[in-house]
Amino acid sequence: MSLAQQSRFVSEDARLDAARHSVECMLRDVVDGLHPDLARLCGYHFGWSDADGAPTGDGAGKLLRATLTLMSAGAVSAEPTTAVPGAVAVEMIHNFSLLHDDIMDADALRRGRPAAWVVYGTGMATLAGDALIATAFRTLRSMNSRPGLDSADLLLVALHQMIDGQAADLALEQVPVREVDVSHYLRACAKTTALLETATAIGAVLGGARTTTVDALREAGRHLGLSWQIANDVEDIWGDPALTGKPARSDLGRAKKTIPVILALRADNAAAAELAALLDQPEPTGDQVQAQADLIERAGGREQAEVLSGRYLEMALGKLGEADVPEIERDRLIALFRLVAGHHVRPLAGDARASARVV
(Lines give C-alpha, C1' and ligand atoms only; values in the text may rest on other atoms or scores of the structure.)
Protein backbone atom coordinates (compact mmCIF):
# COMPACT_ATOMS: atom_id res chain seq x y z
CA MET A 1 0.00 0.00 0.00
CA SER A 2 1.48 3.36 -1.05
CA LEU A 3 1.69 6.35 1.31
CA ALA A 4 -1.18 8.01 -0.57
CA GLN A 5 -3.31 4.87 -0.25
CA GLN A 6 -2.48 4.60 3.46
CA SER A 7 -3.48 8.22 3.98
CA ARG A 8 -6.83 7.67 2.27
CA PHE A 9 -7.43 4.49 4.27
CA VAL A 10 -6.82 6.30 7.57
CA SER A 11 -9.06 9.22 6.61
CA GLU A 12 -11.98 7.10 5.36
CA ASP A 13 -13.68 7.22 8.74
CA ALA A 14 -16.38 9.83 9.32
CA ARG A 15 -16.32 9.17 13.05
CA LEU A 16 -12.62 9.95 13.22
CA ASP A 17 -13.04 13.12 11.16
CA ALA A 18 -15.80 14.31 13.52
CA ALA A 19 -13.67 13.55 16.58
CA ARG A 20 -10.66 15.40 15.13
CA HIS A 21 -12.89 18.41 14.51
CA SER A 22 -14.03 18.23 18.15
CA VAL A 23 -10.40 18.18 19.25
CA GLU A 24 -9.63 21.36 17.30
CA CYS A 25 -12.71 23.10 18.69
CA MET A 26 -11.85 22.11 22.26
CA LEU A 27 -8.23 23.19 21.80
CA ARG A 28 -9.40 26.62 20.66
CA ASP A 29 -11.82 26.89 23.59
CA VAL A 30 -9.07 26.02 26.07
CA VAL A 31 -6.62 28.50 24.53
CA ASP A 32 -9.28 31.22 24.52
CA GLY A 33 -9.64 30.71 28.27
CA LEU A 34 -6.00 31.65 28.95
CA HIS A 35 -4.72 35.12 29.76
CA PRO A 36 -5.19 37.22 26.59
CA ASP A 37 -1.44 37.55 26.01
CA LEU A 38 -0.94 33.79 26.38
CA ALA A 39 -3.98 33.09 24.21
CA ARG A 40 -2.53 35.27 21.44
CA LEU A 41 0.84 33.54 21.64
CA CYS A 42 -0.71 30.06 21.63
CA GLY A 43 -3.00 30.99 18.75
CA TYR A 44 0.07 31.99 16.77
CA HIS A 45 1.99 28.88 17.80
CA PHE A 46 -0.88 26.58 16.78
CA GLY A 47 -1.08 28.35 13.43
CA TRP A 48 -4.56 29.81 13.91
CA SER A 49 -3.45 33.44 13.73
CA ASP A 50 -0.61 35.74 12.78
CA ALA A 51 1.64 37.52 15.28
CA ASP A 52 -0.95 40.27 15.80
CA GLY A 53 -3.75 37.81 16.47
CA ALA A 54 -5.48 38.07 13.08
CA PRO A 55 -6.96 34.71 11.98
CA THR A 56 -5.01 32.85 9.30
CA GLY A 57 -7.47 30.05 8.62
CA ASP A 58 -4.78 27.46 9.23
CA GLY A 59 -5.12 24.44 11.48
CA ALA A 60 -3.25 23.24 14.56
CA GLY A 61 -0.73 21.11 12.70
CA LYS A 62 -1.07 17.43 11.92
CA LEU A 63 -2.65 16.47 15.28
CA LEU A 64 -0.73 13.21 15.07
CA ARG A 65 -0.85 12.44 18.77
CA ALA A 66 -4.51 13.37 19.00
CA THR A 67 -5.24 11.09 16.05
CA LEU A 68 -3.39 8.22 17.72
CA THR A 69 -5.46 8.76 20.86
CA LEU A 70 -8.76 8.84 18.96
CA MET A 71 -7.89 5.84 16.79
CA SER A 72 -6.81 3.80 19.81
CA ALA A 73 -10.20 4.42 21.39
CA GLY A 74 -11.88 3.39 18.14
CA ALA A 75 -9.69 0.30 17.97
CA VAL A 76 -11.11 -0.99 21.27
CA SER A 77 -14.67 -0.57 19.95
CA ALA A 78 -15.41 2.78 21.56
CA GLU A 79 -16.57 5.89 19.76
CA PRO A 80 -13.50 8.05 18.95
CA THR A 81 -15.26 11.05 20.54
CA THR A 82 -14.95 9.23 23.87
CA ALA A 83 -11.24 10.08 23.82
CA VAL A 84 -11.50 13.75 22.76
CA PRO A 85 -10.46 15.14 26.20
CA GLY A 86 -7.48 12.77 26.21
CA ALA A 87 -6.53 13.79 22.68
CA VAL A 88 -6.72 17.46 23.65
CA ALA A 89 -4.58 16.91 26.76
CA VAL A 90 -1.96 15.02 24.75
CA GLU A 91 -1.78 17.81 22.16
CA MET A 92 -1.35 20.41 24.91
CA ILE A 93 1.61 18.52 26.38
CA HIS A 94 3.08 18.09 22.91
CA ASN A 95 2.85 21.81 22.20
CA PHE A 96 4.27 22.69 25.61
CA SER A 97 7.31 20.64 24.62
CA LEU A 98 7.59 22.39 21.26
CA LEU A 99 7.48 25.84 22.84
CA HIS A 100 10.18 24.94 25.36
CA ASP A 101 12.32 22.91 22.95
CA ASP A 102 12.52 25.79 20.48
CA ILE A 103 13.90 27.98 23.26
CA MET A 104 16.41 25.40 24.53
CA ASP A 105 17.58 24.51 21.02
CA ALA A 106 17.54 28.14 19.84
CA ASP A 107 15.42 27.08 16.87
CA ALA A 108 14.22 30.28 15.22
CA LEU A 109 11.67 28.59 12.93
CA ARG A 110 8.63 26.45 13.63
CA ARG A 111 6.50 25.17 10.74
CA GLY A 112 8.18 27.62 8.40
CA ARG A 113 7.42 30.70 10.55
CA PRO A 114 9.39 32.47 13.29
CA ALA A 115 9.07 30.43 16.49
CA ALA A 116 6.89 31.83 19.27
CA TRP A 117 9.87 32.80 21.45
CA VAL A 118 11.33 34.84 18.59
CA VAL A 119 8.08 36.78 18.19
CA TYR A 120 6.95 37.16 21.81
CA GLY A 121 10.12 36.61 23.86
CA THR A 122 11.41 33.67 25.87
CA GLY A 123 9.53 34.62 29.03
CA MET A 124 6.09 34.58 27.46
CA ALA A 125 6.82 31.46 25.41
CA THR A 126 7.99 29.62 28.54
CA LEU A 127 4.91 30.72 30.46
CA ALA A 128 2.64 29.65 27.61
CA GLY A 129 4.16 26.18 27.74
CA ASP A 130 3.56 26.05 31.49
CA ALA A 131 -0.07 27.10 30.94
CA LEU A 132 -0.57 24.25 28.45
CA ILE A 133 0.73 21.73 31.00
CA ALA A 134 -1.72 22.97 33.62
CA THR A 135 -4.70 22.98 31.28
CA ALA A 136 -3.86 19.48 30.00
CA PHE A 137 -4.23 17.98 33.45
CA ARG A 138 -7.28 20.10 34.25
CA THR A 139 -8.92 18.81 31.07
CA LEU A 140 -8.49 15.17 32.11
CA ARG A 141 -9.39 15.64 35.76
CA SER A 142 -12.52 17.59 34.85
CA MET A 143 -13.91 14.40 33.29
CA ASN A 144 -14.71 13.27 36.86
CA SER A 145 -14.31 9.60 36.00
CA ARG A 146 -11.94 6.77 36.81
CA PRO A 147 -10.67 6.56 33.21
CA GLY A 148 -10.06 10.32 33.27
CA LEU A 149 -8.02 10.10 36.46
CA ASP A 150 -6.12 7.07 35.16
CA SER A 151 -5.36 9.00 31.97
CA ALA A 152 -4.06 11.92 34.02
CA ASP A 153 -1.73 9.52 35.85
CA LEU A 154 -0.45 8.16 32.52
CA LEU A 155 0.14 11.67 31.23
CA LEU A 156 2.03 12.63 34.40
CA VAL A 157 4.38 9.67 33.92
CA ALA A 158 4.88 10.70 30.30
CA LEU A 159 5.68 14.26 31.32
CA HIS A 160 8.41 13.06 33.68
CA GLN A 161 9.81 10.81 30.94
CA MET A 162 9.81 13.68 28.45
CA ILE A 163 11.67 15.92 30.87
CA ASP A 164 14.22 13.18 31.54
CA GLY A 165 14.61 12.67 27.81
CA GLN A 166 15.12 16.37 27.18
CA ALA A 167 17.72 16.52 29.95
CA ALA A 168 19.49 13.54 28.36
CA ASP A 169 19.33 15.28 24.99
CA LEU A 170 20.99 18.39 26.40
CA ALA A 171 23.58 16.26 28.23
CA LEU A 172 24.37 14.46 24.98
CA GLU A 173 25.83 17.70 23.64
CA GLN A 174 28.56 17.48 26.29
CA VAL A 175 29.58 13.87 25.56
CA PRO A 176 32.92 13.81 23.67
CA VAL A 177 32.61 12.77 20.04
CA ARG A 178 34.71 9.63 20.47
CA GLU A 179 32.74 8.49 23.55
CA VAL A 180 29.18 8.96 22.34
CA ASP A 181 27.14 5.76 22.17
CA VAL A 182 23.67 4.67 21.08
CA SER A 183 22.64 4.25 24.74
CA HIS A 184 23.02 8.01 25.24
CA TYR A 185 20.76 8.59 22.25
CA LEU A 186 18.07 6.11 23.27
CA ARG A 187 17.63 7.77 26.65
CA ALA A 188 17.19 11.12 24.92
CA CYS A 189 14.52 9.57 22.67
CA ALA A 190 12.12 9.55 25.64
CA LYS A 191 11.34 13.16 24.82
CA THR A 192 9.55 11.79 21.73
CA THR A 193 8.53 8.23 22.59
CA ALA A 194 6.88 9.00 25.94
CA LEU A 195 4.01 10.98 24.49
CA LEU A 196 3.39 8.69 21.52
CA GLU A 197 3.11 5.63 23.74
CA THR A 198 0.91 7.53 26.17
CA ALA A 199 -1.37 8.77 23.39
CA THR A 200 -2.17 5.19 22.38
CA ALA A 201 -2.57 4.12 26.01
CA ILE A 202 -4.89 6.99 26.95
CA GLY A 203 -7.12 6.33 23.95
CA ALA A 204 -7.44 2.68 24.99
CA VAL A 205 -8.08 3.56 28.64
CA LEU A 206 -10.78 6.07 27.79
CA GLY A 207 -12.25 3.49 25.42
CA GLY A 208 -12.58 0.99 28.28
CA ALA A 209 -9.97 -1.51 27.07
CA ARG A 210 -8.54 -4.33 29.14
CA THR A 211 -5.10 -3.85 30.70
CA THR A 212 -3.41 -6.29 28.30
CA THR A 213 -4.74 -4.37 25.30
CA VAL A 214 -3.69 -1.03 26.80
CA ASP A 215 -0.19 -2.39 27.39
CA ALA A 216 0.12 -3.76 23.83
CA LEU A 217 -0.98 -0.46 22.29
CA ARG A 218 1.31 1.45 24.61
CA GLU A 219 4.31 -0.65 23.55
CA ALA A 220 3.33 -0.19 19.91
CA GLY A 221 3.35 3.58 20.43
CA ARG A 222 6.77 3.46 22.09
CA HIS A 223 8.37 1.59 19.21
CA LEU A 224 6.64 3.89 16.75
CA GLY A 225 8.21 6.81 18.60
CA LEU A 226 11.68 5.32 18.22
CA SER A 227 11.13 4.69 14.52
CA TRP A 228 9.79 8.20 14.03
CA GLN A 229 12.58 9.94 15.98
CA ILE A 230 15.23 8.14 13.96
CA ALA A 231 13.41 9.02 10.73
CA ASN A 232 13.26 12.65 11.84
CA ASP A 233 17.00 12.67 12.43
CA VAL A 234 17.54 11.40 8.91
CA GLU A 235 15.15 14.01 7.56
CA ASP A 236 16.95 16.84 9.35
CA ILE A 237 20.13 16.09 7.42
CA TRP A 238 18.80 14.97 4.04
CA GLY A 239 15.20 16.19 3.96
CA ASP A 240 13.71 19.12 2.06
CA PRO A 241 13.65 22.30 4.22
CA ALA A 242 10.48 23.36 2.41
CA LEU A 243 8.77 20.32 3.93
CA THR A 244 10.45 20.24 7.34
CA GLY A 245 9.98 23.97 8.00
CA LYS A 246 13.53 24.20 9.38
CA PRO A 247 16.91 25.08 7.85
CA ALA A 248 18.74 22.19 6.21
CA ARG A 249 21.07 20.21 8.49
CA SER A 250 20.19 22.37 11.50
CA ASP A 251 21.12 19.54 13.92
CA LEU A 252 24.59 19.27 12.41
CA GLY A 253 25.01 23.03 12.59
CA ARG A 254 24.34 22.83 16.34
CA ALA A 255 26.69 19.83 16.70
CA LYS A 256 23.84 17.58 17.86
CA LYS A 257 24.80 13.91 17.99
CA THR A 258 21.80 12.32 16.34
CA ILE A 259 21.59 8.66 15.41
CA PRO A 260 23.02 8.94 11.85
CA VAL A 261 26.05 10.70 13.37
CA ILE A 262 26.47 8.12 16.14
CA LEU A 263 26.14 5.14 13.82
CA ALA A 264 28.60 6.69 11.38
CA LEU A 265 31.12 7.31 14.17
CA ARG A 266 30.88 3.65 15.23
CA ALA A 267 31.71 2.43 11.74
CA ASP A 268 35.21 1.04 11.34
CA ASN A 269 36.16 2.84 8.15
CA ALA A 270 38.08 5.86 6.92
CA ALA A 271 34.98 8.05 6.58
CA ALA A 272 34.18 7.52 10.27
CA ALA A 273 37.68 8.60 11.32
CA GLU A 274 37.51 11.65 9.07
CA LEU A 275 34.07 12.52 10.45
CA ALA A 276 35.30 12.33 14.05
CA ALA A 277 38.12 14.75 13.27
CA LEU A 278 35.76 17.14 11.53
CA LEU A 279 33.25 17.06 14.40
CA ASP A 280 35.98 18.23 16.75
CA GLN A 281 36.00 21.57 14.93
CA PRO A 282 34.08 24.29 16.85
CA GLU A 283 31.37 26.30 15.10
CA PRO A 284 31.47 24.51 11.73
CA THR A 285 31.05 26.54 8.55
CA GLY A 286 28.38 25.76 5.99
CA ASP A 287 30.90 23.87 3.89
CA GLN A 288 32.01 21.83 6.90
CA VAL A 289 28.41 20.95 7.75
CA GLN A 290 27.89 19.72 4.20
CA ALA A 291 31.13 17.74 4.46
CA GLN A 292 29.84 16.15 7.68
CA ALA A 293 26.64 15.08 5.93
CA ASP A 294 28.63 13.55 3.09
CA LEU A 295 30.93 11.68 5.48
CA ILE A 296 27.99 10.36 7.53
CA GLU A 297 26.52 8.89 4.37
CA ARG A 298 29.85 7.46 3.20
CA ALA A 299 30.44 5.88 6.60
CA GLY A 300 27.05 4.20 6.42
CA GLY A 301 25.29 6.25 9.07
CA ARG A 302 22.33 7.16 6.91
CA GLU A 303 21.64 3.63 5.69
CA GLN A 304 22.01 2.14 9.16
CA ALA A 305 19.66 4.74 10.63
CA GLU A 306 17.04 4.04 7.99
CA VAL A 307 17.33 0.30 8.59
CA LEU A 308 17.04 0.80 12.35
CA SER A 309 13.97 2.98 11.91
CA GLY A 310 12.43 0.21 9.85
CA ARG A 311 13.24 -2.35 12.53
CA TYR A 312 11.48 -0.33 15.23
CA LEU A 313 8.51 0.13 12.92
CA GLU A 314 8.29 -3.64 12.45
CA MET A 315 8.35 -4.06 16.24
CA ALA A 316 5.55 -1.49 16.59
CA LEU A 317 3.43 -3.33 14.05
CA GLY A 318 4.14 -6.58 15.86
CA LYS A 319 2.78 -5.11 19.09
CA LEU A 320 -0.34 -3.99 17.24
CA GLY A 321 -0.76 -7.61 16.22
CA GLU A 322 -0.79 -8.60 19.91
CA ALA A 323 -3.57 -6.14 20.77
CA ASP A 324 -7.09 -7.53 21.08
CA VAL A 325 -8.70 -5.25 18.49
CA PRO A 326 -10.85 -5.86 15.38
CA GLU A 327 -8.89 -6.44 12.20
CA ILE A 328 -10.21 -3.38 10.37
CA GLU A 329 -9.21 -1.09 13.25
CA ARG A 330 -5.78 -2.72 13.49
CA ASP A 331 -5.32 -2.17 9.78
CA ARG A 332 -6.15 1.53 10.19
CA LEU A 333 -3.56 1.84 12.96
CA ILE A 334 -1.01 -0.02 10.84
CA ALA A 335 -1.63 2.39 7.97
CA LEU A 336 -1.20 5.37 10.31
CA PHE A 337 2.01 3.94 11.78
CA ARG A 338 3.44 3.45 8.31
CA LEU A 339 2.49 7.00 7.37
CA VAL A 340 4.19 8.39 10.47
CA ALA A 341 7.49 6.56 10.05
CA GLY A 342 7.51 5.60 6.39
CA HIS A 343 9.23 8.54 4.74
CA HIS A 344 12.79 7.50 5.65
CA VAL A 345 12.41 3.83 6.51
CA ARG A 346 14.63 1.54 4.47
CA PRO A 347 13.04 -1.87 3.77
CA LEU A 348 14.55 -4.71 5.75
CA ALA A 349 15.82 -7.46 3.48
CA GLY A 350 18.84 -9.73 3.18
CA ASP A 351 21.96 -8.49 4.91
CA ALA A 352 20.25 -5.27 5.91
CA ARG A 353 17.71 -7.22 7.95
CA ALA A 354 20.46 -9.14 9.67
CA SER A 355 22.31 -5.95 10.57
CA ALA A 356 19.24 -4.19 11.93
CA ARG A 357 19.63 -5.38 15.48
CA VAL A 358 17.91 -3.25 18.10
CA VAL A 359 20.62 -1.33 19.91
Side-chain angles (χ1 to χ4, degrees), residues 10 16 19 64-91 93-94 136-137 139-141 143 145-165 186-187 189-230 308-341 358-359:
V10 170
L16 179 62
L64 165 63
R65 291 151 191 83
T67 301
L68 274 172
T69 306
L70 299 173
M71 289 183 68
S72 294
V76 298
S77 302
E79 286 294 323
T81 51
T82 304
V84 165
V88 169
V90 165
E91 283 296 328
I93 294 297
H94 172 55
F137 286 100
T139 297
L140 289 175
R141 294 188 65 84
M143 295 179 70
S145 67
R146 184 73 257 168
L149 294 176
D150 289 344
S151 295
D153 289 343
L154 286 170
L155 196 61
L156 183 60
V157 171
L159 181 60
H160 281 289
Q161 291 174 336
M162 290 170 68
I163 292 170
D164 184 88
L186 290 179
R187 183 169 184 179
C189 279
K191 67 179 186 177
T192 298
T193 61
L195 200 52
L196 287 173
E197 68 176 88
T198 301
T200 56
I202 286 177
V205 166
L206 294 179
R210 295 182 301 177
T211 300
T212 53
T213 299
V214 173
D215 290 345
L217 290 173
R218 186 176 186 174
E219 280 295 295
R222 185 173 73 84
H223 288 111
L224 173 64
L226 288 165
S227 177
W228 187 65
Q229 181 61 62
I230 293 168
L308 188 59
S309 179
R311 178 58 178 153
Y312 278 119
L313 177 59
E314 282 199 346
M315 294 176 68
L317 300 183
K319 287 296 179 181
L320 287 181
E322 296 176 12
D324 182 20
V325 299
E327 184 177 357
I328 183 65
E329 299 298 341
R330 181 184 296 113
D331 287 345
R332 290 191 189 281
L333 282 172
I334 288 173
L336 178 62
F337 277 34
R338 290 192 181 280
L339 275 173
V340 170
V358 176
V359 289

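Not a single donor-acceptor pair under 3.5 Å links the side chain of Glu322 to the backbone N or O of Ala216. Between the side chain of Ser227 and the backbone N or O of His223, no donor-acceptor pair lies under 3.5 Å.
Taking the side chain as every heavy atom from C-beta outward, Leu159 and Thr198 never approach each other to under 4.5 Å. Counting heavy atoms from C-beta on, the side chains of Leu320 and Leu217 come closer than 4.5 Å. Val88 places none of its side-chain heavy atoms less than 4.5 Å from the side chain of Leu140. Using a 4.5 Å cut-off on side-chain heavy atoms (C-beta onward), Leu64 and His94 make no contact. The side-chain heavy atoms of Leu317 and Arg338, taken from C-beta on, include a pair separated by under 4.5 Å.
The two residues Ile230 and Ser309 make their nearest non-hydrogen contact at CG2-CB, 3.8 Å. Smallest separation of non-hydrogen atoms from Ala194 and Ala158: CB-O, 3.7 Å. For Phe337 against Ala220, the heavy-atom pair with the smallest separation is CE2-O, 3.6 Å. Looking at every heavy atom in both residues, Thr213 comes nearest to Ala323 through CG2-CB, 4.4 Å. The minimum heavy-atom distance between Ala204 and Ser72, with the atom names listed, is N-CB, 4.0 Å. Smallest separation of non-hydrogen atoms from Gln229 and Cys189: CG-SG, 3.8 Å.
From Ser151, atom OG reaches atom CZ of Arg146 across 10.0 Å, with rounding to the nearest 0.5 Å. We find the CG-CG distance between Leu226 and Leu196 to be 9.5 Å, quoted to the nearest 0.5 Å. Taken to the nearest 0.5 Å, the CE atom of Met162 stands 9.5 Å off from the OG1 atom of Thr193. The CG atom of Asp331 lies 9.5 Å from the CD atom of Glu329; values are rounded to the nearest 0.5 Å. Here the OG1 atom belonging to Thr81 is positioned 11.0 Å from the CG atom belonging to Leu206, to the nearest 0.5 angstrom.
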- Message: side-chain contact (heavy atoms from CB on, under 4.5 Å), that's the test. Do Thr212 and Asp324 meet it? Break it down for me.
- Response: CA-CA 8 Å; Thr212 53; Asp324 182 20; 5.9 Å; no

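Salt bridge annotation for Glu197-Arg218: present, with a cationic side-chain nitrogen under 4.0 angstrom from a carboxylate oxygen.
Evaluated for a side-chain contact (heavy atoms from CB on, under 4.5 Å) with Thr67, the options Val90, Leu336, Leu339 yield exactly one hit, Leu336. When each of Leu195, Val340, Thr200 is tested with Leu68 by the rule side-chain contact (heavy atoms from CB on, under 4.5 Å), just one qualifies, namely Thr200. Ile202 pairs in a side-chain contact (heavy atoms from CB on, under 4.5 Å) with only one of the listed residues (Asp150, Leu154, Val214), which is Leu154.
Atom CZ of Arg330 has more than 12 heavy atoms from other residues, nucleotides or ligands within 6.0 Å.
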